[in-house]
Amino acid sequence: MRKKENYLYLSINDAISCINQKVNMVGVVVEYGLPEKSRGTDYFCTLKIMDESSQSYGLLVNVFTESLDKLPRVKSAGDIIRFSRIVIQSHNGKVNAHFNKKVSTFALYEGKCSKSFIPYQSSSSYFLKDLDMDFIASLRTWLFNFQLNSGTSEFYQPLSALREKKCFDLVCKVLRVCEVSKDAWMLFLWDGTDAPPLSCRTKLKDELKNPLPLQLEPTPLPRAVLCEFPSVGTILRVIVDKTSEKLALQLPCGWVKFLNIECEERSGLWFGVFKPSTKIRILSDEDSIVTCCLRRYEERLLTKWDRMPSSAFPWPSHITETDHEDVPFTTLTDVLTHSKVTSKFKCVVRVVAMCPWYADDFLSAKGNPLYRVRLTLEDPTARIHTLIYAEDGEIFFGGYPSLDVLTGMRNKLLGICAEDLDAPRNPPWVQLCLKSYCLDESDPWSSRKYRIFDTRLVA
DNA sequence: TTGGGG
């Protein structure tokens, strides 16, 4: 026997004044959290809903159910949810709603593009009355001309504003969730901006035995995976530990908001870490905060300097010159993902390590001098090893200068303070021409290497 | 009960 039910729906703005009362509401889900186990006995998720009356703030709804399958599983932000008998609460001066599993019900409907009144998930069987359908239909009509906006916060910052050990909110696209080694997972996040450069704290002398890594993951991502990533903008690696694993491994690829995430430095590279208070909210691709990120990125791509690190603006240092002034820049990820093994590029990079480090060793043989120096190059998108070899070295170093001159050149290029070789280095952005080639014709991609050419160190 | 975006 189904109870006869007649619901009166309150607008969100009216509902939030009904503290401690049970209300019925229909709203658009503007963002939602992934299901979690609560610290009590229940499962938990949170949703933020909006309607025409509350389009600048919305209402957080906390849902508790005794099993995972009873939680609302929103298919996409922008979908519509109908709640009955949820309790409006006030906590620390903020209003939220509590879904009481004993009395509350919900039903989820597709968003503005649908005309269906059949829920794709509901907590109880309930047939919509005309009034209910009117509410859903009018919400869809309103949504049609409304730009979803999950709201921003004072803590929000793009990757370009990263600071060490400072909690912040990040709106970004989850590009991939990878198992980087056995039972070790990593998230790859991107927001279209360049993370700022970090200083290099490794010792120059260690480079031979303990080289600066090219990436944080234990083995480099396959080229095919890199090819799916954007080649402009930093891809932040986030280490997934045991406590964040349950949450992180459910993450769909797409736009999300991380609340209270922190970034640290390792080997001069940024990586993100989950804090106990870190929360993830899934966003719609149409959310205004997402469209802002994409617009900023598209505007960047339209400029002539889209592939120059943004912290190199207005121009890289003039300590290097190339013979190809009119060639556009590429990023190091463009280099790594280029369709041909053999090619030429011009990049704006920092030289973060050098091997050998001692200028007298740049030439491999005293009798028959031959330059052979390995540089570790970095831009906001990647790191690569590259060689300064033979006649390219002659051009790069301007012949065969004295040890003092060569040492001075090295110090400028690497941002070394001459008094203390082990002090943190802050290398300048420099432009370099690179060519890629392979050592083994039968296995071109695995044996691909890079060399610097047509570039002069003029300092 | 839980969580309540800080």
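Numbered from 1 within each chain, the chains take letters A, B, ... in sequence-line order.
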[X] [atom1] - [N] [atom2] separation (whole Å):
X: A:L47; N: B:dG3; atom1: CG; atom2: P; result: 16 Å
X: A:Y156; N: B:dG6; atom1: OH; atom2: C1'; result: 18 Å
X: A:K94; N: B:dG3; atom1: NZ; atom2: P; result: 17 Å
X: A:D169; N: B:dG6; atom1: CG; atom2: P; result: 10 Å
X: A:R281; N: B:dG3; atom1: CZ; atom2: P; result: 12 Å
X: A:K70; N: B:dT2; atom1: NZ; atom2: C1'; result: 17 Å
X: A:L71; N: B:dT2; atom1: CG; atom2: P; result: 17 Å
X: A:I16; N: B:dG4; atom1: CD1; atom2: P; result: 19 Å

Please list, in numerical order, the residues of residues 239-248 of chain A that have a heavy atom closer than 4.0 Å to any atom of DNA chain B.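 Those residues whose heavy atoms fall under 4.0 Å from DNA chain B, taken from residues 239-248 of chain A, amount to none.
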Enumerate the residues from residues 33-46 of chain A whose closest heavy atom to DNA chain B is under 4.0 Å, giving them by residue number; use none for an empty result.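 Listed by number, they are A:S38, A:R39, A:G40, A:T41, A:D42, A:F44.
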Remember a base hit wins even if backbone is also touched, and classify [X] as base, sugar-phosphate or nothing at under 4.0 Å, heavy atoms.
X: A:K101; result: base
X: A:Q89; result: base
X: A:E31; result: base

Hey, does the side-chain of A:N92 have a donor or acceptor N/O within less than 3.5 Å of a partner on the base of B:dG4?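 Under the 3.5 Å cut-off, the side chain and the base do not form any donor-acceptor pair.
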Any chance the rings of A:F329 and A:W429 have centres within less than 6.0 Å?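 Not under 6.0 Å, so no.
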All pairs passing side-chain hydrogen bond (donor to acceptor under 3.5 Å, both in side chains) where residues 38-49 of chain A contributes a residue, at least two apart: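 Matches after skipping sequence neighbours: A:D42-A:K101, A:T46-A:N62.
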What pairs meet the side-chain hydrogen bond (donor to acceptor under 3.5 Å, both in side chains) rule with one or both residues in residues 239-255 of chain A, with sequence neighbours excluded?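 Residue pairs with at least one partner in residues 239-255 of chain A: A:D241-A:T243, A:D241-A:S244, A:K242-A:E245.
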Residue pairs passing the ring-ring contact (aromatic ring centres under 6.0 Å, His included) test where at least one lies in residues 171-215 of chain A, sequence neighbours excluded: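 Counting only pairs at least two positions apart or across chains, the ring-ring contact (aromatic ring centres under 6.0 Å, His included) contacts touching residues 171-215 of chain A are A:F188-A:F229, A:W190-A:Y297.
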Is there any ring-ring contact (aromatic ring centres under 6.0 Å, His included) pair reaching into residues 147-171 of chain A, and which pairs are they, with sequence neighbours excluded?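 Qualifying pairs, neighbours excluded: none.
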Is any side-chain heavy atom of A:F271 closer than 4.5 Å to one of A:M186?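 In short, these two side chains do not touch, never coming nearer than 4.5 Å.
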Would A:F64 count as stacking on B:dT1 if stacking means ring centres less than 5.5 angstrom apart and planes tilted under 30 degrees?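 No.
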I'd like to check the ring pair (Phe, Tyr, Trp, His ring centres under 6.0 Å) partners of A:F83; sequence neighbours left out, ordered by chain and number.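 Per chain and number, A:F83 pairs via ring pair (Phe, Tyr, Trp, His ring centres under 6.0 Å) with no residue.
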For A:A107, enumerate each residue passing the side chain to side chain contact (heavy atoms under 4.5 Å, CB included) test, keeping only those at least two apart in sequence or located in another chain.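 So A:A107 forms a side chain to side chain contact (heavy atoms under 4.5 Å, CB included) with A:R82, A:Y109, A:P119, A:S122.
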Salt bridge (Lys or Arg N to Asp or Glu O under 4.0 Å): which pairs involve residues 62-71 of chain A, sequence neighbours left out?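 For residues 62-71 of chain A, and leaving out neighbouring residues, the salt bridge (Lys or Arg N to Asp or Glu O under 4.0 Å) pairs sorted by first residue read A:E66-A:K70.
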